[in-house]
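Chain identifiers are assigned alphabetically (A, B, ...) following the order of the sequence lines, protein sequences preceding nucleic acid strands; residue numbering begins at 1 within each chain.
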Amino acid sequence: MTLLSTKATCNTHGQDSSYFLGWEEYEKNPYDEVLNPNGIIQMGLAENQLCFDLLESWLAKNPDAAGFKRDGNSIFRELALFQDYHGLPAFKKALVEFMAEIGGNKVTFDTSHIVLTAGSTSANETLMFCLAEAGDAFLLPVPYYPGFDRDLKWRTGVEIVPIHCASSNGFQITAAALEEAYQEAHKRNLRVKGVLVTNPSNPLGTTMSRGELNLLISFITAKGIHLISDEIYSGTVFSSPGFVSVMEILKDRKCDNTEVWNRVHIVYSLSKDLGLPGFRVGAIYSNDKIVVEAATKMSSFGLVSSQTQYLLAALLSDKKFTKNYISENHKRLKQRQKMLVAGLQKAGIGCLKSNAALFCWVDMRQLLHSNTFDAEMELWKKIVYDVRLNISPGSSCHCTEPGWFRVCFANMSEDTLNIAMQRLKTFVLDSTVNGRNQNNHHSPKNSKRRSPKWVFRLSSPDRNRESDER
Amino acid sequence: MLSAKASCDSHGQDSFYFLGWEEYEKNPYHEVQNPVGIIQMGLAENQLSFDLLESWLGSNSDVLGLKRKGISVFRELALFQDYHGFPAFKNEMVDFMAKLRGYKVAFDPNNLVLTAGSTSANETLMFCLAEPGEAFLLPTPYYPGFDRDLKWRTGVEIVPIHCSSSNDFRITERALEEAYQQAEKLNLKVKGVLVTNPSNPLGSTMTKDELNLLIDFAVTKKVHVVSDEIYSGTVFDSPSFISLTEAVTERSIDETDIWNRIHIVYSLSKDLGLPGFRVGMIYSNNQTVVAAATKMSSFGLVSSQTQYLLSNMLSDKKFTSKYIEENQRRLKRRKEMLVAGLRGAGIGCLNSNAGLFCWVDMRHLLSSDTFEAEKELWKRIIFEVGLNISPGSSCHCSEPGWFRMCFANMSQETLKVAMRRIEAFVEFSSSTAAALDNCNHQRAAGRNSRRSSLPRWILPLSSYDDHEEADRTLTIH
């Protein structure tokens, strides 16, 4: 008898879900341009691999930053000993300035309100520990990042109640959906402590509109609850409409120093914008002093390595670099997203119009045998095993409509992306041909319909525009 | 609006243990800029061997520049967030750990879970081994940080195993049993025992007898044993370090399941003096624990940049051998300085062979055998002597008068200054106490009734103007 805790023995870390099984398949048979050209292409990993050359070039020109030196003098000792949970002052300053720069400098952030954590994974969990008791709930719009099931719930005991969003309005949050979620929580006897959104959204790849943000502020004001805005993708907004931080809305509404001001918290990280998930750099930003204090002490359980803080303080303090990086990063992401969208279109597949992040929210409903999640699983397995692309099924993101998939575009080379698109096109054509043959067999009248109607509806408005850009 | 965790103070950081630090922050000693400031002796840092590390870094700039054989590995590291940890680093870690144990045990890298510091490791183990409301038994005195690390967010309780100076604070069978009974009385289910070996704050390694006692206890009660071996590389004197793993290996226990209930915590914060890099780990043979702790480590992974640096450093076996030996030699010398200095002041301490501190006996300086008197003495030591040391009560010691004093976080010169101050303080206190005795004696003979109502220790304060020593002590604050 080993007598472990239920946390250790249960599976609410959610890692037995299909989301992770696709990864396992990829691990067994990973694509490699040369060594394994028939392997599975990883399109389920939201990594930003497009701008490493910029970072590497900066590193080469600034060896002191990684060499524990300041003005040629060794500060190794100082850094080796630095474990102050208030964080390296130079790094916090550089980070808040970077956050402001990303938001077009429409808001400024105060270093005394920021708490550094080992990644946003740690930041999100810490906020749960600070804002909710075990058994309380947070409302999250679906679809959402599958990792939240572990990060927000596992060790905290907090529950997630979904805010249902539908494709009919581009999955935007509505007042009705918010209210329904709130009522649902009540029905389940769960006390709602707040709403958590990801803006820009994972997996949608879209920025929240001012309308949505205002809706949220009004909602949390009325209910007296918290709002957490995970803005981890804020630096990846590559086209209009631009990024609007929830802090900007609060400012516009003149909420400074009101009660609701203290109930809005931001989570940030350098994992997506700078492509540095390995360095474990996350942050909580809050106007509530008690939250900042408690979160600061809790950050003891996940501090950022001083070695890394120092390197990144130097990097982010180089304003010439950050300005160029932000703009170049946007450019490359935009171009890559276009490639994916165009490639999908050629395969007769549409996706949600997106302006941010490292992935597209792809509509494969027309490829489903039936409008069910079983059919979605079937399709997903075909795509993993036959098409050999690991993409994320919407059900793993708690989407309420079957047939949507998240497909990443920034974690591979252009050539690999092209290959992925070709494979998909072949798959769809084959499926369509087979489908048509079956249709012909059963009902001659239906032979006119070459492809399901969604393909045309989604691709037609874009057709004229796309041909210009191609 | 906020959680109870956020608004309560069970993180323990309002305890006066931290108030001493605050006083130090206001008036820190500096050899040149503030020679009368407070000397920090409450921080268990190892600052003695940085030159060795810096010299290694100086010859290995490639590693710092995130290169391998001249080629950039930046990309690979930037993307590496696998919670299984950097394989090369884990391999080096288990070898380093085995080396520190004289290769008497071997570790499997697959059983190692990396965490952001041992702070994270300890909390994670609590999450894995216990439910909120359950308890772990800890021998007192113990590291004050455990009150936060083990209890705060986990809801786990600590029940003390009372150890006393009468047997050098060793764990006894009786104390273990009493603690267990106490937990039952409090309606707390005991999930295990957590020890720090070598001990913080005692600075001594556990004997084989103690380890066997623990093992017997764990077998009988079917509970876990967590051994925080964070100071295992600081054992500078005999007896040599016996790890829990070694002790279990040597016993031929019928119940092989015991292996599933032994867990080791380690870190590079003390042995290598790198607390800023946040490198900790859990080692367990229990596959369920390893699997769960690995996933939980997502909440506190070690920076890949740091894993890369240290995997290279530790792979340099010549360097690590030299480092371990030299580090221990310097620690031993420094500890002997402290012990000698204290002896010169008529102060003894517990015989120790490890750690970065001594467990100092100031019971004879107390005005009464109470914790109030200990606090009083501690305040005097901060404000009059100008030393920040840790009072035993902050470590939950059951006997007043013991203090932890660190010796490895300052220069030799500074340690000498600290010793002189203490010597002066004790001398001064003794002479004025003698003077008061005389006074009392005379009072008893009918003279100078004014001073009779004052406690013995007040006299030195009011006598500053009367004695030349006052100049020396006064300048401190």
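Options A/R155, A/R263, A/K193 differ in how many heavy-atom pairs under 4.5 Å they form with chain B, and the most are formed by A/R155. When the candidates B/G192, B/A293, B/S3 are compared by the number of heavy-atom contacts under 4.5 Å with chain A, B/S3 comes out ahead. Per-residue counts of heavy-atom pairs under 4.5 Å with chain A were compared for B/L64, B/D51, B/L66, B/N46; the largest is that of B/L64. Of all the listed residues (B/E134, B/M296, B/E45), the one sharing the greatest number of non-hydrogen pairs under 4.5 Å with chain A is B/M296.
Of the two parts of B/Q47, the backbone and the side chain both hold a non-hydrogen atom closer than 4.5 Å to a non-hydrogen atom of chain A. With a threshold of 4.5 angstrom between heavy atoms, B/L43 does not approach chain A through any atom at all. Heavy atoms closer than 4.5 Å to chain A are found nowhere in B/V279, neither backbone nor side chain. For A/F82, the part lying near chain B is the backbone, with the side chain staying farther off; criterion is any non-hydrogen pair under 4.5 Å. Residue B/D149 touches chain A through both its backbone and its side chain, counting heavy-atom pairs closer than 4.5 Å. At a 4.5 Å heavy-atom cutoff, A/V281 makes no contact with chain B through either its backbone or its side chain. Residue B/L57 touches chain A through its side chain alone, counting heavy-atom pairs closer than 4.5 Å.
For A/L3 against B/H224, the heavy-atom pair with the smallest separation is O-NE2, 3.1 Å. A pairwise comparison of heavy atoms in B/A130 and A/S5 identifies O-CB, 3.5 Å as the closest pair. Contact between B/F299 and A/R150 at its shortest, heavy atoms only, is CZ-O, 4.0 Å. Listed here is the closest heavy atom pair of B/G300 and A/A118: CA-CB, 4.1 Å. The heavy-atom pair separating A/R280 from B/S298 by the smallest distance is NH2-O, 4.1 Å.
Chain B is approached within less than 4.5 Å, heavy atom to heavy atom, by A/A66, A/G67, A/F68 from residues 61-70 of chain A, ordered by number. For a heavy-atom cut-off of 4.5 Å, chain B lies close to A/F129, A/C130, A/L131, A/A132, A/E133 in residues 127-134 of chain A.
Side chains of A/D288 and B/L2 form a contact here, defined as non-hydrogen atoms less than 4.5 Å apart. Under the 4.5 Å side-chain criterion, counting only non-hydrogen atoms from C-beta, A/Q307 is not in contact with B/R278. At least one side-chain heavy atom of A/L4 sits under 4.5 Å from a side-chain heavy atom of B/N286.
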For this session: May I have the step-by-step check of side chain to side chain donor-acceptor pair (under 3.5 Å) for B/T306 and A/S305, ending in yes or no?
Result: CA-CA 7 Å; B/T306 301; A/S305 168; 2.7 Å; yes
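One distance of note links CZ of A/F76 with CD of B/E54; it measures 6.0 Å at 0.5 Å rounding. For the atom pair B/K5 NZ and A/T156 OG1, the distance stands at 8.5 Å (nearest 0.5 Å). Rounding to the nearest 0.5 angstrom, the gap separating the CD atom in A/Q83 from the CG atom in B/L274 is 11.0 Å. With rounding to the nearest 0.5 angstrom, the CZ atom of B/F74 is 6.0 Å from the CG atom of A/L59. Atom CG of B/L79 and atom CD of A/Q49 lie 4.5 Å apart (nearest 0.5 Å). Interatomic distance, A/T121 OG1 to B/Y83 OH, rounded to the nearest 0.5 Å: 11.5 Å.
Using modelled atom types, one side-chain atom of B/E131 and one backbone atom of A/T6 make a donor-acceptor pair closer than 3.5 Å.
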